[in-house]
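Below, each value reflects all heavy atoms present in this structure, side chains not excepted, and no hydrogens, waters or symmetry copies. Numbered from 1 within each chain, the chains take letters A, B, ... in sequence-line order.
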Amino acid sequence: EADIYQTPRYLVIGTGKKITLECSQTMGHDKMYWYQQDPGMELHLIHYSYGVNSTEKGDLSSESTVSRIRTEHFPLTLESARPSHTSQYLCASSPSNRGAYEQYFGPGTRLTVT
Amino acid sequence: AQSVTQLGSHVSVSEGALVLLRCNYSSSVPPYLFWYVQYPNQGLQLLLKYTSAATLVKGINGFEAEFKKSETSFHLTKPSAHMSDAAEYFCAVSDKGFKTIFGAGTRLFVKA
């Protein structure tokens, strides 16, 4: 079954730790995204990728980095976690064919930095 | 520049009543418009999308939305609410490029 996966689902970690949030999709989509979601707020785009070896920063300034070495995999890394990074992180993907601009979302990772 | 405004951060209806969630958009080009639903502890799921074909769009779970260019609106409706419809709903606009802009969401409560 084609799907998009995120691990871990929940993470509590101390300040200064390095963390990687995993995202994988089995749909063969070229476009992938990372969003930050806080209660009552719009989803904020923090990173996106057009395809392998292509990554861009989104509209929301973020201290995280991403990589896209394989089509199906788009991990997000925080080198040194801070309490201000506490949030829900959503990964999404989208096909490249013309007229298909909807996005498919993973279940999210809820990150708490203490 | 694109933007989306969802009127009402919370909407409460009784089971069996009409659901109306409001969305207004701004776009400099003919937009693609979307409604997504998010259940607790899950990601967003596509409910329906408008792609410049029919202005009345039918989606999953009995929801539909009407694109009104003159009003720059794309309101979501369902004739009869069910308890399982309780969730957060997001309106979104795409300029057919790479980025999609999401609204702040409307949380729907359904009373028994």
Side-chain angles (χ1 to χ4, degrees), chain A residues 2-11 21 23-25 27 29-51 54-60 68 88-111, chain B residues 1-11 23-27 29-54 57 59-60 65 74 87-109:
Chain A
D3 213 335
I4 181 163
Y5 306 93
Q6 289 186 245
T7 57
R9 293 292 316 277
Y10 303 92
L11 179 62
L21 308 185
C23 176
S24 295
Q25 50 98 2
M27 296 173 281
H29 290 167
D30 287 326
K31 300 176 186 176
M32 294 191 74
Y33 315 78
W34 276 102
Y35 291 92
Q36 190 169 330
Q37 182 183 28
D38 295 302
M41 305 286 287
E42 300 89 346
L43 272 68
H44 289 293
L45 181 67
I46 50 176
H47 295 283
Y48 60 96
S49 168
Y50 288 101
S54 159
T55 62
E56 300 287 343
K57 287 187 179 293
D59 299 324
L60 182 68
R68 190 89 183 275
Q88 165 126 295
Y89 293 84
L90 293 174
C91 181
S93 69
S94 179
S96 296
N97 48 298
R98 186 183 178 88
Y101 301 103
E102 65 270 23
Q103 297 183 15
Y104 298 80
F105 284 81
T109 294
R110 185 166 296 281
L111 173 65
Chain B
Q2 298 171 283
S3 66
V4 174
T5 301
Q6 291 186 240
L7 301 174
S9 58
H10 297 85
V11 170
C23 172
N24 288 90
Y25 71 91
S26 171
S27 179
V29 298
Y32 277 21
L33 294 160
F34 308 86
W35 276 99
Y36 289 85
V37 61
Q38 185 178 32
Y39 298 102
N41 300 317
Q42 295 186 27
L44 278 68
Q45 176 186 359
L46 182 68
L47 266 181
L48 49 81
K49 67 177 181 180
Y50 166 75
T51 59
S52 75
V57 181
I60 62 172
F74 190 57
E88 187 144 24
Y89 293 80
F90 292 88
C91 182
V93 61
S94 169
D95 62 359
K96 305 174 193 173
F98 195 90
K99 295 181 183 177
T100 297
I101 305 298
F102 290 84
T106 298
R107 185 165 295 278
L108 176 66
F109 297 92

- prompt: Heavy-atom distance under 4.5 Å to chain B: side chain of A:Glu56, backbone, both or neither?
  reply: neither
For A:Gln88 against B:Gln42, the heavy-atom pair lying closest together: NE2-O, 4.5 Å
field: Taking every non-hydrogen atom, the tightest pair across A:Gly40 and B:Ala104
entry: O-CB, 3.8 Å
query: Is there a donor-acceptor pair closer than 3.5 Å between any side-chain N or O of A:Arg110 and the backbone N or O of B:Asn41?
result: no
- request: Taking the side chain as every heavy atom from C-beta outward, state whether B:Tyr36 and A:Gln103 have any pair of such atoms under 4.5 Å apart.
  value: yes
- request: Could you look at B:Phe90 and say if it's the side chain, the backbone, both or neither that has a heavy atom under 4.5 Å from chain A?
  value: side chain
query: Does any heavy atom of chain B fall under 4.5 Å from the side chain of A:Gln6, the backbone, both, or neither of them?
result: neither
- request: Give, as side chain, backbone, both or neither, the part of B:Gln38 having an atom under 4.5 angstrom from any heavy atom of chain A.
  value: side chain
task: Please report the shortest heavy-atom distance between A:Tyr35 and B:Thr100, naming the atom on each side.
output: OH-O, 4.3 Å
Contacting moiety of A:Leu90, where chain B heavy atoms sit under 4.5 Å: side chain
- line: Residues B:Ser94 and A:Tyr101: closest non-hydrogen pair is OG-CB, 4.0 Å
message: Quick check on B:Leu46 against chain A: is it the side chain, the backbone, both or neither that has a heavy atom closer than 4.5 Å?
response: side chain
- line: In this structure, CD of A:Glu102 is separated from CG of B:Leu48 (nearest 0.5 Å) by 11.0 Å
